[in-house]
Amino acid sequence: NGKVGLKDEDGEILIPATYDAIGWSNGKLSIVDKVVGYQSNGLWGLIHTSNKRVTEAEYLDLKPGEGSFLVAQKKSTLSQRPSVGIINTSGKTIIPFVYDALQLCNMRAVVMSRSGTKYQFGLIDLSHNVLIPLEYRNIYSLGSLRYAVENFENKTAIFTGEGGQMTPFNIDSISA
């Protein structure tokens with residue numbers, strides 16, 4: 001009846017076919033720490049491969065990040081815009097749902113908040129400590145714990161993964 005479940009490689013049913021989708025909101029299917037996403041009534045939740053629901057279907061978007069961390073998006077209680085945060089495979093909120101966008105890289109999160117028409121980027125660790133404040137035009141990873149930080153004058157500096165500035169804002173262009 002158009003419902004989806006999950007079988008193991010031996011054909012044993014792990015999760016009965018009762019869900020709209022199994023996998024992640026990006027359309028991919030992978031198991032992370034014996035959990036996977038499920039979709040019900042247009043929303044996503046987490047379910048264990050033993051068919052035990054870890055979370056209710058409350059997320060607009062749910063996909064694997066790094067390790068046992070998942071990037072999730074849900075309706076904001078504060079505004080009309082959805083907010084993004086990080087949960088673990090147990091369903092515990094690791095990074096609160098207060099950002100407009102978030103990308104995991106090197107066990108850090110580049111976060112973005114929108115104020116009117118202005119987008120501001122910052123860098124946090126997975127304990128939600130601010131490493132680089134949300135006051136830059138863009139931040140992107142240069143590889144192993146180095147980040148390019150672009151200011152609103154279109155100049156870039158290199159920062160460490162702990163938030164230390166390594167170069168002045170005098171770089172016009174840089175890539176990994």
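Worth saying up front: this structure is predicted, and the values here are computed from it rather than measured.
Taken from CG in D125 to CD1 in I132, the straight-line distance is 11.5 Å, to the nearest 0.5 Å. With rounding to the nearest 0.5 angstrom, the CD atom of E58 is 8.5 Å from the CG atom of L43. Interatomic distance, NZ of K7 versus CG of D10, reported as 11.5 Å (0.5 Å rounding). Interatomic distance, L131 CG to I124 CD1, rounded to the nearest 0.5 Å: 8.0 Å. Between N88 atom CG and I94 atom CD1 the span is 4.0 Å, to the nearest 0.5 Å. Atom CH2 of residue W44 and atom CD of residue Q39 lie 4.5 Å apart, to the nearest 0.5 angstrom.
S30 and P64 make their closest contact through OG-CG, 4.0 Å (heavy atoms, listed as atom of the first residue, atom of the second, distance). Among all heavy-atom pairs drawn from L134 and Y99, the shortest one is CD1-CE2, 4.1 Å. Across all non-hydrogen atoms, the minimal contact from S68 to V32 is CA-CG1, 4.2 Å. Shown here for A148 and I174, the closest heavy-atom pair between the two residues is CB-CG2, 3.8 Å. Of all heavy-atom pairs between V54 and T89, the closest is CG1-O, 3.7 Å. Of all non-hydrogen atoms in Y19 and I47, the two that sit nearest each other are OH-CD1, 3.3 Å.
A 6.0 Å sphere centred on CD1 of I13 holds no more than 12 heavy atoms belonging to other residues, nucleotides or ligands. Counting non-hydrogen atoms of other residues, nucleotides and ligands closer than 6.0 Å to CG of N1 gives a total of 12 or fewer. For N41, the CG atom is loosely surrounded, since the number of other residues' heavy atoms within 6.0 Å does not exceed 12.
At least one donor-acceptor pair under 3.5 Å links the side chain of T167 to the backbone N or O of I158. Remark: the backbone N or O of G143 is paired with a side-chain donor or acceptor of S141 at under 3.5 angstrom. Between the side chain of E66 and the main chain of M107, a donor-acceptor pair closer than 3.5 Å is present.
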TODO: Show your reasoning for whether side-chain contact (heavy atoms from CB on, under 4.5 Å) applies to F159 and L145.
DONE: CA-CA 8 Å; F159 281 67; L145 295 179; over 6 Å; no

Task: Pair V110-C105, side-chain contact (heavy atoms from CB on, under 4.5 Å): steps then yes or no - done: CA-CA 7 Å; V110 174; C105 47; 3.8 Å; yes

Open item on the list: Pair D100, S83 - check side-chain hydrogen bond (donor to acceptor under 3.5 Å, both in side chains), show working.
Closed with: CA-CA 5 Å; D100 290 301; S83 55; over 6 Å; no

TODO: Check the pair L6 / I31 against side-chain contact (heavy atoms from CB on, under 4.5 Å), numbers first and verdict last.
DONE: CA-CA 11 Å; L6 185 68; I31 308 293; 3.9 Å; yes

Task: N138/Y119 under side-chain contact (heavy atoms from CB on, under 4.5 Å): CA gap, chis, key distance, verdict - done: CA-CA 8 Å; N138 198 4; Y119 297 89; over 6 Å; no

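For the 3.5 Å distance criterion, the side chains of R137 and N151 fail to qualify, holding no donor opposite an acceptor. In this model, no donor atom of one side chain and acceptor atom of the other lie less than 3.5 Å apart for T156 and D172. A donor atom on one side chain and an acceptor atom on the other are found under 3.5 Å apart for S25 and D61.
Using a 4.5 Å heavy-atom threshold, the side chains of L29 and V36 count as touching. Under the 4.5 Å side-chain criterion, counting only non-hydrogen atoms from C-beta, W24 is in contact with L70. Looking only at side-chain heavy atoms (C-beta outward), D20 and K3 come within less than 4.5 Å of each other. For the pair F121/Q103, no side-chain contact is recorded, criterion being any heavy-atom separation below 4.5 Å from C-beta on. With contacts defined as side-chain heavy-atom distances shorter than 4.5 Å, the pair P82/K74 does not qualify.
Centroid-to-centroid, the aromatic rings of Y136 and Y147 stay 6.0 Å apart or farther.
Under a hydrophobic clustering in which Ile, Leu, Val, Met, Phe, Trp and Tyr are joined whenever their side-chain heavy atoms come within less than 4.5 Å, directly or via other members, L123 and Y140 fall into different clusters. Residues L126 and I87 fall into different hydrophobic clusters, defined by Ile, Leu, Val, Met, Phe, Trp and Tyr side chains chained together at heavy-atom separations under 4.5 Å. Under a hydrophobic-cluster definition in which Ile, Leu, Val, Met, Phe, Trp and Tyr are linked whenever side-chain heavy atoms come within less than 4.5 Å, directly or via other members, I86 and L62 are assigned to different clusters. Under a hydrophobic-cluster definition in which Ile, Leu, Val, Met, Phe, Trp and Tyr are linked whenever side-chain heavy atoms come within less than 4.5 Å, directly or via other members, F69 and I95 are assigned to the same cluster. No continuous path of ILVMFWY side-chain contacts below 4.5 Å connects F169 to M166, so the two sit in separate hydrophobic clusters.
Taking the ring centre of F97 as origin, the terminal cationic atom of K75 falls outside the region bounded by 6.0 Å and 45° from the ring axis.
Using a 4.0 Å cut-off between charged side-chain N and carboxylate O, R108 and E162 make a salt bridge.
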